[in-house]
Amino acid sequence: MKKDLIQIQDLSTAEIDHLIDVANDIIARPQAYQERCLHKKLATLFYEPSTRTRLSFESAMWDLGGTVIGFSEASSSSAAKGESVADTARTVECFADIIAMRHPKEGAPFVASQAVNIPVINAGDGGHHHPTQTLTDLLTISRERGRLDNLVIGCCGDLKFGRTVHSLISAMSRYQNVRFVLISPPELRIPEPIRVEVLEKQGIPYQEVTSIEEAIADLDILYMTRVQRERFFNEADYIRLKDYYILTPDKLKVAKPDLSILHPLPRVNEISTEVDKDPRAAYFRQVKNGKFIRMALIMKLLEV
Ligand code: NCD
């Protein structure tokens, strides 16, 4: 049976750990993988803007010896003429072996996955999930820290609409002795289904705070996020909240010397560029990791 990746829960912990092992092996021995997807084609169907996710998927496939087709905006596809996601997916299935789809509507990649017999990867659906960013984040945490357990993880910013945080919390909750500090303005708190179904039901310790300053000294990981302008109903609310958090070298003075600062990017104002020089800033290493874990995932789903 074909396998899709719609949400991070579609992978077992053993499967995630294996993908991380494969990604580390690709980093160590890239030549060994350069023909693994010969004659295979990836379709990237992006109905929403993207830089890292789309380009890392495409680079991943090229580096495996495969090829890539796709579109990077809905307006250049037949979606602009009113075609359904299911019909577009069935069309693409005639040409490609695997699909990566990003869509502003929650559930669209799931709908596509039900319509076709090739694997579909969710590359971000609205404010819902972003499982391949989470795989990237887990690879980064394990490379930076040497472990995925025994960590205090601070998630800061737009925890309401930020899909990467939703998937990250679901994934990290599976590891032993992980504690979350959720840092957000009251309006952008983590949604109730994640607070109740993921954290409370599993007895994962967490606290909710509104300022970085009161949390930072305790953290092993600080996961910054952008305020998701495109998901706001009202521009005035976005303007009021967009600069709520700005991480600066000054705020980092009391942080642990081995803190890891992650961000799925793009950054707007929430991390001052002066922080980039700090060795604890891992976000551009995180971008690089994204290609390797996507290579591992494509191989797994194509069973090569
Ligand atoms: C994130 C996304 O698209 O959700 N970006 C990414 O894929 N690296 C985060 C964001 O857009 O803020």
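All residue numbers refer to positions in the sequence shown, counting from 1. Note that this is a predicted model, so its numbers are computed, not measured. All values below were derived from every heavy atom in this structure, side-chain atoms included, with hydrogens, water molecules and symmetry-related copies excluded. Atoms within a ligand are numbered from 1 in the order they appear, just like the ligands themselves.
- Exactly one residue among Arg179, Gln207, Lys256 makes a side chain to side chain donor-acceptor pair (under 3.5 Å) with Asp218. That residue is Arg179.
- Heavy atoms from other residues, nucleotides or ligands lying under 6.0 Å from NZ of Lys3 number more than 12.
- Looking at residues two or more places apart in sequence or on another chain, you find no salt bridge (charged side-chain N to carboxylate O under 4.0 Å, His left out) involving Arg52.
- With sequence neighbours excluded, no residue forms a side chain to side chain donor-acceptor pair (under 3.5 Å) with Lys81.
- Under 4.0 Å from any atom of ligand 1, one finds heavy atoms of residues Thr53, Arg102, His130, Gln133, Arg163, Thr164, Arg226, Gln228, Pro264, Leu265, Pro266.
- Ionic pairing of Asp125 and Arg163 is not present here: no N-O contact between side-chain nitrogen and carboxylate oxygen is shorter than 4.0 angstrom.
- Applying the salt bridge (charged side-chain N to carboxylate O under 4.0 Å, His left out) criterion to Glu192, with sequence neighbours excluded, gives no partner residue.
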